[in-house]
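The next block holds one structure in the form of structure tokens; read it before the comments.
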Amino acid sequence: MMKTHPQHTFHPQLAERIRKVPGKPAEDLTARDFDPLTEPYGPYEDWELAINEREVRGPKTPIPVRVYRPAEPASSPRPCLVWMHGGAWVGGDLDMPEAHETARGVAGRADAVVVSVDYRLCGAEVHFPAPHDDVVAAYRWVRDHVAELGIDPARIAVGGASAGGTLAAGAALRLRDEGETPWQALLIYPLVHAPLPEPSDELGAALAELPAPFALLTEHLDQVFGPYLGDVPIEAAPPYAFPGLAGDLSGFPPTYIDNDEFDHLRSSGELFTDQLRSAGVDVKQAISAGVLHGHLNLVGLDTAHATLDRMADRLRKR
């Protein structure tokens, strides 16, 4: 087992994989160098689900969504999670584990409907608010089709991981402002501040243990902030882009935040938890121990299953 600071120990299965990643600077690594880390840690879960591809009318172009529903008929309308994958706003799709396996796992565990959203990715011609607008449009499509989807209109949640958590939180803030507050928000290792808040001493100690390939440098964040914000400087980023910048978070939906132990972005999730609590919002926070940023992409890892269990527990509430 890879040992770190007495408070910090990598998950034993993950530690074995970390050793296989080349020990060269992050800027010299390619996606293939991380293949050892992302190979499945266990079997894919088997759920009896009906999965359908749909298109939602978007503000500019149609928005593909994938709807996951338990195959068994329901005796009453089901809860729903409108879910956004991560990918630094520039990557990711509905097939990545953080989208597909998360949607399958939550729908199966919670007897819920999950609508996974293929929002527009940022690049040379696409910037905020494009993905934000797509997420809001997808949420409203779900709200307007509850009967068709078999959804309880009082139990529609928004959620996302990493950059998808940013978008979910931004949508929740806008929907609150427009009188349509979601039932709850499930934010998994989100980034909701720009610039990134300074880490606590405890988080700093964890980050100091990260091997060089996993160190997140300021310039790496700048590389993703640029495509996301376009010509808008970070210091002028609007709250819908980074909800942690909002002056008033009162009335934000009840929120669950799940942070990764060895993750630079944990400083944002932890600060947002404090901000929500100070605003009188019902907020619960968990730390997924022993893992790096993005653990929902690690198929079969028990830590990922535990996060899916907690997400499902939230959706089963009435």
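Heavy-atom basis, side chains included; hydrogens, waters and symmetry copies ignored.
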Please determine whether the number of non-hydrogen atoms from other residues, nucleotides or ligands lying under 6.0 Å from atom [atom1] of [X] exceeds 12.
X: Arg57; atom1: CZ; value: no
X: Glu72; atom1: CD; value: no
X: Glu198; atom1: CD; value: no
X: Glu125; atom1: CD; value: no
X: Lys317; atom1: NZ; value: yes

Which heavy atom of [X] sits nearest to which heavy atom of [Y], and what is that distance?
X: Gly108; Y: Leu49; result: N-CD2, 4.1 Å
X: Val56; Y: Ala138; result: CG1-CA, 4.2 Å
X: Glu261; Y: Ala206; result: O-CB, 4.1 Å
X: Trp83; Y: Gly160; result: CZ3-N, 3.1 Å
X: Pro253; Y: Ala172; result: CG-CB, 3.9 Å
X: Pro227; Y: Val90; result: CB-CG1, 3.7 Å

How many angstroms lie between atom [atom1] of [X] and atom [atom2] of [Y], to the nearest 0.5 angstrom?
X: Arg19; Y: Glu16; atom1: CZ; atom2: CD; answer: 4.5 Å
X: Tyr256; Y: Asp282; atom1: OH; atom2: CG; answer: 13.5 Å
X: Asp111; Y: Leu315; atom1: CG; atom2: CG; answer: 10.5 Å
X: Thr255; Y: Leu276; atom1: OG1; atom2: CG; answer: 5.0 Å
X: Arg17; Y: Thr38; atom1: CZ; atom2: OG1; answer: 8.0 Å
X: Tyr119; Y: Asp93; atom1: OH; atom2: CG; answer: 10.0 Å

Parallel, tilted or perpendicular, as decided by the 30° and 60° cut-offs, for the rings of His132 and Tyr240: parallel

Residue of the set Tyr189, Phe262, Phe214 for which ring-ring contact (aromatic ring centres under 6.0 Å, His included) holds with His293: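 The single option meeting the ring-ring contact (aromatic ring centres under 6.0 Å, His included) with His293 is Tyr189.
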
Tell me if a side-chain donor or acceptor on [X] pairs with a main-chain N or O of [Y] at a distance below 3.5 Å.
X: Asp260; Y: Gly294; result: yes
X: Gln184; Y: Arg314; result: yes
X: Arg176; Y: Thr181; result: no
X: Arg155; Y: Pro77; result: yes
X: Ser267; Y: His264; result: yes

According to a hydrophobic-cluster definition based on side-chain heavy atoms being under 4.5 Å apart (Ile, Leu, Val, Met, Phe, Trp, Tyr only), do [X] and [Y] belong together?
X: Leu121; Y: Leu94; value: no
X: Leu207; Y: Val291; value: yes
X: Leu175; Y: Leu187; value: yes
X: Leu81; Y: Val283; value: no
X: Leu186; Y: Val142; value: no

Between His295 and Asp263, a side-chain donor and acceptor under 3.5 Å: no

Asn259 and Glu270: side chain donor to acceptor below 3.5 Å: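 Result is no, nothing qualifies.
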
Would you say that [X] contacts [Y] through its side chain, given a criterion of any heavy-atom pair below 4.5 Å between the two side chains?
X: Leu191; Y: Leu221; result: yes
X: Arg174; Y: Asp133; result: yes
X: Ile156; Y: Val146; result: yes
X: Val135; Y: Val82; result: no
X: Glu45; Y: Leu308; result: yes
X: Trp89; Y: His127; result: no
X: Val232; Y: Phe128; result: no
X: Thr166; Y: Tyr228; result: yes

Geometric cation-pi criterion Arg104 and Tyr44, 6.0 Å radius, 45° cone: no

Test log, rule side-chain contact (heavy atoms from CB on, under 4.5 Å), inputs Ile18 and Leu37: CA-CA 6 Å; Ile18 288 173; Leu37 206 67; 3.9 Å; yes

Ile188/Glu98 under side-chain contact (heavy atoms from CB on, under 4.5 Å): CA gap, chis, key distance, verdict: CA-CA 10 Å; Ile188 314 301; Glu98 196 175 71; over 6 Å; no

Worked verdict on His85 versus Leu296 for side-chain contact (heavy atoms from CB on, under 4.5 Å): CA-CA 10 Å; His85 64 78; Leu296 286 183; over 6 Å; no

Sole residue of Asn52, Asp118, Asp95 in side-chain hydrogen bond (donor to acceptor under 3.5 Å, both in side chains) with Arg66: Asp95

Worked verdict on Asp302 versus Tyr41 for side-chain contact (heavy atoms from CB on, under 4.5 Å): CA-CA 9 Å; Asp302 56 2; Tyr41 290 73; over 6 Å; no

Residues Glu39, Lys20; criterion salt bridge (charged side-chain N to carboxylate O under 4.0 Å, His left out); working and verdict: CA-CA 12 Å; Glu39 288 295 318; Lys20 298 177 182 179; over 6 Å; no

